[in-house]
Amino acid sequence: MAEAWFVMVAFCLVMYVVLDGYDLGIGVLMIFERDPLRRRQFVELVATAWDGNESWLILLGVALWGGLPGAYGTMFPALYLPVIVMLFALIFRGVAIELVSSGRSAGGRWGKAFAVGSVLAAFAQGVVLGGLLSGVTITDGLFAGRTFDFLTPYSVLTGISAVTLYALAGAAVLQLKMEGPARARAAATGRVLVPIVGVLSAICALSLGATDTRPELSSTGRLIPVSIAVVLAAGGLVYAMHGFGRKPDWRPITGVVIAEVAGLFALLAAIHPLVVPPRLTIELAAAPSGALNFLLIGIGVNLPLVLFYNWYAHHVFRGKYRSAEPERAAGVSVAAAELAPSRHRPAVSEGVAAGEASREVPR
Amino acid sequence: MPSATLLDISRWQFAFTIAFHMTFPAITVGLAVFLAVVYGLYVRTDKPVYLQIFRFWKKIFAVGFALGVVAGTVITFEFGLNWGPFASATGPILGPIIGMEVVTAFFLEAGFIGIMLYGDGRVSKRVMLASCCIVALGTLLSTTWIMAANSWMQTPSGYALVDGQFQPTNWWQAIFSPSFGWRFPHMLLAVLISAALMVAGIGAYYLVRGRARAFARRTVSLALGTLALLVPVQLYLGDHLADKYIVPYQLPKLEALEGNWDSTNTGYNIFVIPDVGGERNPVQITVPWLGSAIAKDLSGNAPTPGMLNTPPQDRPNPWPTFWGFRAMFFGSMFIFAAAFTGVVLRLRRRLFTAGWFHRFLLWLTPVGVLAIIGGWVTAESGRQPWVVYGQLRTADAVSQLAPGSVIASFVGFVLIYLTMLAVWIGYVVRTVRRGPELVDRPAGIGPPGESEATLHSGRGAGAQ
């Protein structure tokens, strides 16, 4: 039962990394983007999806709390500062997204808040993972370590890796959603990032043995799935590398997602059944079966719906990015522009400008 | 035992972050319902004024909702960060309840809010309306689960305590704990009322300024109608909540919120400065007879129970409990006055000409939110010194962190949240000053009666 719940927690983690990873990554890439129009497009692209993506983080937290309370109650005090920094960064970022989409300039302070918040959140998440893998001191079921135990060379390394991995996912999504020079630029960035991510992931994986986690890979039952996953992850990166700059545009993101899923699987398979290294296992951290049953049924039944909402939200805004503000020549009224045929307009319904009221400041 | 400093800062941080968070659901749950209704009216009547109302309030809703989401994420993690032992002990019960909130409400809202906010023109009207309704449903479900979780902490039931951990034995009893049936409707009406008050206040601003008249009349009328229906029910619920849940289950909370030490006062305290160490009130202003009357004894002989009935180590602090309750109670009196006056003026057909009443409504804009926060301060500080009432003391629930870490994070939260609050208020004020925008429709489609109104609405922007 506890094992089944652990699979659910792992699923939330994977969904979070895949989904929020790309929108954090777009924020990371905004650091290098100067063009104000493109900056605005980046933010608006994220605005339609970040809330749903970030909900996986909340579900991950709550899934740990309800199903593995022993882990939730010890790992968060141990990782207090990086988690707090992550939360601060996510606050700034979320507010910045809505303020920029509601009319603030993306080149100004809030555009910067979005970019810096994304980098910090990504880095802090990497540090959280690395700090956890570096080991947590637990006495009598409570955290008993020191404040800066999380800060190790390994956690800094994972922090940097997370930023680059998310940036790579961001570049892959930008190739999918953008056109023309923006697409070409995203592809070029992606080609630079793939080898960096590959090398950093390899260093992270190889130096895991030097942390308190000490994965045990001697049994073949474990070695085989881990090796397959590692090969798949590497394959995903190669596929993404090949896809950057080439049509069809969905290839890079497919490769990156394969790499993310396989990489996380390899990590979890290698450390299983540990949840809070070096000693706390799934069995020890798990809630009683009454809670696990409720969780598995309640959340399990809702999960297909949740996935449907996620899919539908992305489906509505599918295809190349189209600004909510219709392009129209000076002097042409919105109504007149609506009547003209337009290429990128899948479903215009009303004779009213699309979402314009929320963006355009009357002067 | 943890050091007093660590416990105090952890509690201050939690109180501050949850009060900040609560500010936004207090507005956005009701606004989500309001937006769904208004868009529904637009689809049904095709009057541009409804689209104008929808687009205007959508802007305030969007940023408020985002703030609520990010501030809520903080709360989810704070349970583990600052209250690790609490999280470990209550995880098997509260984790699944909050988990249900996440999967039934958060994802529902998150999946459709993008369409609601950015879908205008990309999807059909029907999908827009469905998205608005789904987002509203999500916020209501969220309220339900959160009230279930908090009510369990007030009146825990359906569990067995095994090695210091609360393990579920009966989910029905755990979710529908004894206080849930009263506290949930009370909270639901509170958020609807506070949003209606905000809508009325901002509509009244335009009436005072003589701008955007059709928009202003329609929103003030809708909001005051809502208040007239809901406020009397809320006063009834609030009164019964005390009788049916606080008195039988949490008498010390009632003692503290009424602000008496001994049990002889038949009056009602409207102002108290308590001296906790000396167990007395150096300053106390009391309305005679009223306390007894509220306790359903009109003869004036029923005294209110006092805090000396409870041993000192089990007593909540009367400062936040008494004053939180007064904030809610006095706020509710103003809200009732607004709802009642609104009905009288409407019957006398003077609703849109009584300038003094519009100014009064404008001043009341934030009162609903303040009353909700006051109510929560009463509920939570009145539960002290317990975090799970009667079972787990707050002092035993705090994470043993270095006090420096918690001080640093608390300072960070204060700085960031005050900035965010200033940004949010500035944003709302700017949005309101700019005014609802002209709904640009192809000429000749809109009903002629409405066109004058929509033309007026855009005018204010030029004046800045």
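Reminder, nothing fancy here: chain letters follow the sequence lines and each chain counts from 1. What you see is a predicted model, and the numbers here were worked out from it, not measured in a lab.
Counting heavy-atom pairs closer than 4.5 Å to chain A, the top residue among Pro96(B), Gly114(B), Gly111(B) is Pro96(B). Looking only at heavy-atom pairs under 4.5 Å with chain A, the residue among Gly412(B), Gly404(B), Ala408(B) that has the most is Gly412(B). Considering only heavy-atom pairs separated by less than 4.5 Å from chain B, the leading option among Val62(A), Thr74(A), Leu68(A) is Val62(A). Chain A forms the most heavy-atom pairs under 4.5 Å with one residue out of Asn82(B), Thr431(B), Thr104(B), and that residue is Asn82(B). The candidate with the highest count of non-hydrogen atom pairs below 4.5 Å against chain A, out of Glu101(B), Gln167(B), Glu78(B), is Gln167(B). Contact count versus chain B (heavy atoms, under 4.5 Å) is highest, among Tyr309(A), Phe143(A), Trp56(A), for Tyr309(A). Between chain B and the options Leu295(A), Leu64(A), Val306(A), Asn310(A), heavy-atom pairs under 4.5 Å are most frequent for Val306(A). Among Leu79(A), Thr147(A), Ile91(A), Leu305(A), the residue making the largest number of heavy-atom pairs under 4.5 Å with chain B is Ile91(A). Put simply, of Gly52(A), Pro77(A), Ala49(A), the one with the most heavy-atom pairs under 4.5 Å next to chain B is Pro77(A). Between chain B and the options Trp65(A), Phe308(A), Phe76(A), Tyr72(A), the largest number of non-hydrogen pairs under 4.5 Å is found for Trp65(A).
Both the backbone and the side chain of Leu59(A) come within less than 4.5 Å of a heavy atom of chain B. Heavy atoms closer than 4.5 Å to chain A are found in the side chain of Ile175(B), but not in its backbone. Contacts between Ile134(B) and chain A at a heavy-atom distance below 4.5 Å are absent for every atom of the residue. Neither the backbone nor the side chain of Val162(B) comes within contact range of chain A; no heavy atom of the residue lies under 4.5 Å from a heavy atom of that chain. For chain A, the nearby parts of Val103(B) are the backbone and the side chain; heavy atoms of each come within less than 4.5 Å. Contacts between Ile97(A) and chain B at a heavy-atom distance below 4.5 Å are absent for every atom of the residue. For Leu142(A), the part lying under 4.5 angstrom from a heavy atom of chain B is the side chain only.
In this structure, a donor-acceptor pair under 3.5 Å is absent between the side chains of Glu54(A) and Tyr16(A). Judged purely by distance below 3.5 Å, without hydrogens or angles, the side chains of Ser409(B) and Tyr80(A) pair a donor atom with an acceptor atom.
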Subject >> Glu98(A) and Trp50(A): CA distance, side-chain angles, deciding distance, side-chain hydrogen bond (donor to acceptor under 3.5 Å, both in side chains) verdict >> reply: CA-CA 10 Å; Glu98(A) 293 305 328; Trp50(A) 73 275; 3.1 Å; yes
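Aromatic rings of Phe56(B) and Phe215(B) (six-membered ring for Trp) have centroids within the 6.0 Å cut-off, being under it. Ring centroid separation for the pair Phe112(B) and Tyr312(A) comes in under the 6.0 Å cut-off. Annotation: Phe79(B) is in aromatic contact with Phe14(B) [ring centroid separation under 6.0 Å].
Judged by the 6.0 Å and 45° rule, Lys125(B) forms a cation-pi pair with Tyr42(B).
Remark: side-chain polar atoms of Trp145(B) are not paired, donor with acceptor, to backbone N or O of Gly99(B) under 3.5 angstrom. Side-chain N or O atoms of Thr76(B) include none that pairs as donor or acceptor with a backbone N or O of Ile58(A) at under 3.5 Å. Remark: the backbone N or O of Val100(A) is paired with a side-chain donor or acceptor of Arg40(A) at under 3.5 angstrom.
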